[in-house]
Undergrad: 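Submitted below is the structure of interest, expressed as structure tokens.
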Amino acid sequence: MPQEKYYITTAIPYATQKPHIGNCYDQVAADAFARWKRMRGYDVWYLTGTDEHGQKIEDLAAKEGITPKAYADRITSGMREIFATLNISYDQFIRTTDDYHEAAVAAAFQKLYDQGDIYKGSYEGLYCTPCESFWTSSQLVEGKCPDCGRDVAPAREEAYFLRQSKYQGWLEQYYADHPDFIAPESRRNEMINTFIKPGLQDLCVTRSTITWGVPVPFDPKHVMYVWLDALSNYITALGFDAGENSDAFRKFWPADLQVIGKDVCRFHVITWPIMLHALGQPLPKRVLAHPWLMFGQDKMSKSRGNVVYADELAEIVGTDAVRYYMLAEMPLAVDGSITREAVLERYNSDLANVLGNLVNRSLTMTNKYFDGIVPAPGEPFELELSLQAFALETLRQFETALEDCRLADALEAVLALAKRLNKYIDETLPWALAKDPEKREYLGTVLYHLLEGIRWLAALFAPAMPATAEGILRQLQPELNPVQTLAGILPLKSFGGLEPGGKVTQTPTPLFARLDTDKVLI
RNA sequence: GGCGGCAUAGCUCAGCUGGCUAGAGCAUUCGGUUCAUACCCGGAGUGUCACUGGUUCAAAUCCAGUUGCCGCUACCA
């Protein structure tokens, strides 16, 4: 049987400034999916990158007296550093300024134009001459330009348009036939009610007021506006060039999951499908439009001074705790929230007290009662059987939640297994068993179940907290390579895969040091 | 303004197509335990399930209205 493929992408952030923690949610979420699929044996391709064209970057660069490319270089390399800090395991990093991308986008534009899906028209709106910007009447502030406050005047400008209106019926039908195309469902309804039902409008896809972009091949005074350029990255990355498809494209397209923020939902579920359809390509199987991570109740912004950066937070609580927090705290339908208190609470309760302490106490007891040797289990009793069933049920819940894109629920299920194991210790009282030589076999059974349970925790937490999973295995099976162990740990078909006779570490070390709520500054 | 959604224990939230004394986590408090990172386990809770009406044998769960909050409604990237 050929290996199944899994292609996952994130939106490509606009390379204007250092991304805050909310801006990194795409990458962290996609990373968890990608890691799980790799563990499951899929041939995974995980794409991320940066969007580097457009007015804003042109302006920012001009302000510094450097080229837009030089500006984007700096921001993009900073972004890659943050992704490295977050342990993002992307396979490819595309930049819209990459040669192959620009060439492929130009070819796609040409093809769409030749087919009549792109046409030349004119854009009409309210123009602010000093700002060189068009505005809609709703954007105006007291009838004036929202940027400079000066008068605007009606104006028209030649531009190219994507004929979205032509595909209205097709798109409606596609939504109806693919109810899971957009997650969560509320976004899908918004799109239908707001844009599709009232009638799809054609979309202006070029600008002639800026130069920092991919030129229209046959009319170079126009450059492509963001959407056509940026959206195409998902296929140009694989080598799609509008003509001859590459092996990678044929193998990986369509994407299995595209992770995006709600702000770009509209373009990913309307414009992007239409582009693909017009190019004769299948659509991604699913688009996950996640909400935002707020600081408390407020949107993070530099001007508010409430921006949280992932790398700075990681220095205090560690990379995995940051990843865990982001994934566990972000709902699907409404915005998530990050606060100092919530981060510390998650860290201490979930990671230090429940998970870390469980691992530590289990390993300590194994050393104390069995000289660190993983004991062979005796016949399981009712209690052990129910524990095993619990583990299998956890795995099922975990995967079901992942399939539904409910990452927070998936993690909650795994944490529940850790709690169940802590409870198991209280139910069996190993220290009491250790005092009675006749109970030695059962003591071994208990310890074995704890250690095997911990191995399951390592497997199930690995997508969200890869370093922690490795850390657990390094203490549980110090003679083995944790990376290799993790890669081969699935499928967890039944409870009992841990080999008895192995030796755990002699010096158990807490995975997460408890943080003093009063002293830690975030 | 238009369309959609939500209002449930101190906090964050589960409660699908109506039906057993309304649940979980965290925080609080009491008890147990000592293997462990003063951790873990157990008990206790408190709740007019926003408000008002309606449908029904029966509503947190359906319908209408009211109030409050949120999302989408930008050719912003």
Side-chain angles (χ1 to χ4, degrees), chain A residues 11-16 50-57 96 123-125 133-139 146-147 157 159 161-162 184-195 197-198 201-207 209 213 225-227 229-231 261-267 271 289 291-292 297 328-329 331 333-337 339 341-342 345-346 348-369 408-409 412 415-416 418-434 446-447 450 508-515:
Chain A
I12 49 175
Y14 197 44
T16 49
T50 42
D51 171 24
E52 306 187 352
H53 288 128
Q55 173 101 53
K56 209 178 236 173
I57 288 181
T96 54
Y123 176 73
E124 293 180 44
S133 298
F134 277 98
W135 305 101
T136 61
S137 51
S138 63
Q139 287 176 288
D147 269 6
E157 182 185 305
F161 287 80
L162 178 67
E185 197 180 2
S186 52
R187 295 285 162 217
R188 175 173 178 265
N189 296 335
E190 277 176 4
M191 295 300 125
I192 293 173
N193 291 334
T194 310
F195 300 109
K197 270 190 191 161
Q201 302 295 305
D202 292 344
L203 180 73
C204 180
V205 293
T206 61
R207 286 293 143 92
T209 51
Y225 186 56
V226 59
W227 301 116
D229 179 15
L231 290 167
K262 64 179 184 179
D263 49 331
V264 289
C265 181
R266 169 187 175 182
F267 299 98
T271 305
W292 286 335
Q297 304 289 315
E329 200 70 28
V334 296
D335 292 334
S337 154
T339 62
E341 292 75 19
E345 181 183 305
R346 282 276 181 196
N348 280 337
S349 320
D350 295 1
L351 300 181
N353 293 350
V354 173
L355 174 62
N357 187 41
L358 169 70
V359 173
N360 193 242
R361 65 199 300 212
S362 302
L363 294 173
T364 301
M365 285 192 281
T366 305
N367 274 298
K368 214 167 241 184
Y369 307 140
D409 289 346
E412 194 181 346
L415 190 69
K419 290 180 179 177
R420 181 67 191 83
L421 289 164
N422 271 321
K423 185 172 177 172
Y424 178 65
I425 295 178
D426 271 54
E427 289 168 337
T428 54
L429 307 174
W431 49 91
L433 298 174
V446 169
L447 263 296
L450 285 174
T509 317
L511 295 168
F512 300 93
R514 242 183 106 76
L515 295 174

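Below, chain A is the first sequence line, B the second, and so on; all start at residue 1. Keep in mind that the numbers below use all heavy atoms, side chains included, and drop hydrogens, waters and symmetry copies.
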Undergrad: Please give, in whole Å, the distance from B:C13 P to A:Arg346 CZ?
TA: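 Those two atoms, CZ and P, are 11 Å apart.
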Undergrad: With sequence neighbours left out, write down each residue that passes side-chain hydrogen bond (donor to acceptor under 3.5 Å, both in side chains) with A:Glu345, or none if nothing qualifies.
TA: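 Per chain and number, A:Glu345 pairs via side-chain hydrogen bond (donor to acceptor under 3.5 Å, both in side chains) with no residue.
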Undergrad: Just checking A:Arg266: base, sugar-phosphate only, or nothing, at a heavy-atom cut-off of under 4.0 Å?
TA: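 Since only primed, P, OP1 and OP2 atoms lie under 4.0 Å of A:Arg266, the category is sugar-phosphate.
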Undergrad: In chain order, what residues pass the side chain to side chain contact (heavy atoms under 4.5 Å, CB included) check against A:Arg346, with sequence neighbours excluded?
TA: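 By the side chain to side chain contact (heavy atoms under 4.5 Å, CB included) rule, A:Arg346 matches A:Tyr324, A:Tyr325, A:Ala328, A:Glu329, A:Asp350.
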Undergrad: What pairs with A:Phe267 under ring pair (Phe, Tyr, Trp, His ring centres under 6.0 Å), at least two apart in sequence or on another chain?
TA: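 Expected list: A:Trp227.
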Undergrad: To the nearest angstrom, how far is A:Asn193 atom CG from B:C3 atom P?
TA: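 In whole Å, B:C3 P and A:Asn193 CG are 10 Å from each other.
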Undergrad: Please name all residues satisfying side chain to side chain contact (heavy atoms under 4.5 Å, CB included) with A:Lys368, sequence neighbours left out, ordered by chain then number.
TA: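 Partners of A:Lys368 under the side chain to side chain contact (heavy atoms under 4.5 Å, CB included) test: none.
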Undergrad: To the nearest Å, give me how far apart CG (A:Leu358) and P (B:C40) are.
TA: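 So the CG-P distance, A:Leu358 to B:C40, works out to 11 Å.
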Undergrad: Please classify the nucleic acid contact of A:Ser186 as base, sugar-phosphate, or nothing, using heavy-atom distances under 4.0 Å.
TA: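 No contact at all - A:Ser186 keeps every heavy atom at 4.0 Å or more from the nucleic acid.
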Undergrad: Pick the C1' atom in B:G10 and in B:U52, then give their distance to the nearest Å.
TA: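 The answer is 28 Å between these two C1' atoms.
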Undergrad: In chain order, what residues pass the side-chain hydrogen bond (donor to acceptor under 3.5 Å, both in side chains) check against A:Lys262, with sequence neighbours excluded?
TA: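 side-chain hydrogen bond (donor to acceptor under 3.5 Å, both in side chains) check on A:Lys262 returns A:Asp335.
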Undergrad: P atom, B:G23 versus B:U46: distance in rounded Å?
TA: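 Nearest-Å result for B:G23 against B:U46 at atom P: 10 Å.
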Undergrad: RNA chain B: A:Ala230 or A:Asn189, which has the more 5' nearest nucleotide?
TA: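 By nearest-heavy-atom nucleotide position, the 5'-most residue is A:Asn189.
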Undergrad: From the list B:A77, B:U37, B:C35, which nucleotide is the closest neighbour of the side chain of A:Val226?
TA: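 Out of B:A77, B:U37, B:C35, the nucleotide with an atom closest to A:Val226's side chain is B:A77.
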Undergrad: Distance check, P atoms only: B:G2 and B:G25, in whole angstrom units.
TA: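 43 Å, rounded to whole Å.
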Undergrad: A:Asn348: what forms a side chain to side chain contact (heavy atoms under 4.5 Å, CB included) with it, not counting sequence neighbours?
TA: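 Listed in chain order: A:Ala352, A:Arg514, A:Leu515, A:Thr517.
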Undergrad: Give the minimum heavy-atom separation between A:Pro291 and A:Pro331, together with the two atoms involved.
TA: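 In this case the closest contact between A:Pro291 and A:Pro331 is CG-O, 3.4 Å.
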Undergrad: Is A:Gly54 touching bases, backbone alone, or none of the nucleic acid, heavy atoms closer than 4.0 Å?
TA: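 No contact.
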Undergrad: How does RNA chain B read in dot-bracket, base by base from 5' to 3', with Watson-Crick or G-U pairs under 3.5 Å and | used when the partner is on another strand?
TA: (((((((..((((.....[...)))).(((((.......))))).....(((((..]....))))))))))))....
Undergrad: Give one of base, sugar-phosphate or nothing for A:Leu511, where a contact means two heavy atoms less than 4.0 Å apart.
TA: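 Base, at least one base heavy atom under 4.0 Å.
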Undergrad: Can you tell me how far C1' in B:A59 sits from the matching atom in B:C20, rounded to whole Å?
TA: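 Going atom to atom, C1' in each nucleotide, I get 15 Å.
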Undergrad: Treating A:Tyr14 as the side-chain partner and A:His53 as the backbone partner, does any N or O pair qualify as donor plus acceptor under 3.5 Å?
TA: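 Present.
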Undergrad: Around A:Glu185, counting heavy atoms of other residues, nucleotides and ligands shown, do more than 12 lie under 6.0 Å from its CD?
TA: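 No, CD of A:Glu185 has 12 or fewer neighbouring heavy atoms, counting only those of other groups under 6.0 Å.
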Undergrad: A:Lys197 near the nucleic acid: base, sugar-phosphate alone, or nothing, with a heavy-atom cut-off under 4.0 Å?
TA: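 Since no nucleic acid heavy atom lies under 4.0 Å of A:Lys197, the category is nothing.
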Undergrad: Is A:Thr96 reaching over with its side chain to a backbone N or O of A:Glu52, donor-acceptor style, under 3.5 angstrom?
TA: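 Yes, A:Thr96 side chain to A:Glu52 backbone: donor-acceptor pair under 3.5 Å.
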Undergrad: Tell me every residue that passes side chain to side chain contact (heavy atoms under 4.5 Å, CB included) with A:Thr509, counting only those two or more places apart in sequence or in another chain.
TA: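 Partners of A:Thr509 under the side chain to side chain contact (heavy atoms under 4.5 Å, CB included) test: A:Gln475.
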Undergrad: Output a table of nitrogen or oxygen pairs between the protein and nucleotides 68-72 of chain B separated by less than 3.5 Å.
TA:
from	atom 1	to	atom 2	distance (Å)
B:G71	O2'	A:Arg187	NH1	3.0
B:G71	O2'	A:Glu190	OE2	2.7
B:C72	O4'	A:Glu190	OE1	3.2
B:C72	O4'	A:Glu190	OE2	3.4

Undergrad: Distance between the C1' atoms of B:G65 and B:U55, in whole angstroms?
TA: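 Approximately 15 Å lies between the C1' atom of B:G65 and that of B:U55.
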Undergrad: Applying side-chain hydrogen bond (donor to acceptor under 3.5 Å, both in side chains), can you list everything that pairs with A:Glu412, at least two apart in sequence or on another chain?
TA: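 Once residues adjacent in sequence are excluded, A:Glu412 has no partner under the side-chain hydrogen bond (donor to acceptor under 3.5 Å, both in side chains) criterion.
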Undergrad: Between the protein and nucleotides 28-34 of chain B, which nitrogen or oxygen pairs are less than 3.5 angstrom apart?
TA:
from	atom 1	to	atom 2	distance (Å)
B:G32	N2	A:Asp426	OD2	3.3

Undergrad: Which value, in whole Å, describes the distance between the C1' atoms of nucleotides B:A77 and B:G18?
TA: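 B:A77 and B:G18 have their C1' atoms separated by 47 Å.
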Undergrad: Choosing from B:C35, B:U37, B:C26, which nucleotide comes nearest the side chain of A:Glu345?
TA: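 That would be B:C26.
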Undergrad: By nearest heavy atom, map A:Val354 and A:Ser349 onto RNA chain B; which one lands nearer the 5' end?
TA: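 Nearest nucleotide further toward 5': that of A:Ser349.
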Undergrad: Distance check, C1' atoms only: B:C69 and B:G54, in whole angstrom units.
TA: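 Comparing C1' positions in B:C69 and B:G54 gives a spacing of 25 Å.
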Undergrad: Determine the Euclidean distance between corresponding C1' atoms of B:U67 and B:A24; express it in Å to zero decimal places.
TA: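 The same atom, C1', in both gives a distance of 29 Å.
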Undergrad: Need one value for A:Pro430: base, sugar-phosphate or nothing, where a base atom within 4.0 Å counts as base even if backbone is also close, heavy atoms only.
TA: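 Nothing: the residue A:Pro430, judged by heavy atoms under 4.0 Å, touches no strand.
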Undergrad: Between C1' on B:A36 and CG on A:Asn367, what's the gap in Å once rounded to a whole number?
TA: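 For the pair A:Asn367 CG and B:A36 C1', the rounded distance is 13 Å.
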Undergrad: Could you tell me the separation between the CD atom of A:Glu341 and the P atom of B:C11, rounded to a whole number of Å?
TA: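 Value for this atom pair: 15 Å.
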Undergrad: Can you list the residues that meet the side-chain hydrogen bond (donor to acceptor under 3.5 Å, both in side chains) rule with A:Arg361, with sequence neighbours excluded?
TA: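 A:Arg361: side-chain hydrogen bond (donor to acceptor under 3.5 Å, both in side chains) contacts with A:Asn422.
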Undergrad: Looking across every strand, which nucleic acid part, if any, lies under 4.0 Å from A:Asn353 by heavy atom: base, sugar-phosphate, or nothing?
TA: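 If one applies the 4.0 Å heavy-atom cut-off, A:Asn353 turns out to touch the sugar-phosphate alone, with no base involved.
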Undergrad: Rounded to whole Å, please give me the gap between OH in A:Tyr424 and P in B:C35.
TA: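 Taking OH of A:Tyr424 and P of B:C35, I get 18 Å after rounding.
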Undergrad: Does A:Lys419 put a side-chain nitrogen or oxygen below 4.0 Å from OP1 or OP2 of B:C41?
TA: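 No, A:Lys419 has no side-chain N/O under 4.0 Å of OP1/OP2 on B:C41.
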Undergrad: Donor-acceptor pair, distance only, cut-off 3.5 Å: does the side chain of A:Asn360 make one with the backbone of A:Gly356?
TA: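 No, the answer is negative, given that no donor and acceptor are paired below the 3.5 Å cut-off.
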Undergrad: Round to the nearest Å and state the distance from A:Leu421 atom CG to B:C41 atom C1'.
TA: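 From A:Leu421 CG to B:C41 C1': 13 Å.
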Undergrad: I need the CG-P distance between A:Leu447 and B:A36, as an integer number of Å.
TA: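 In whole Å, B:A36 P lies 13 Å from A:Leu447 CG.
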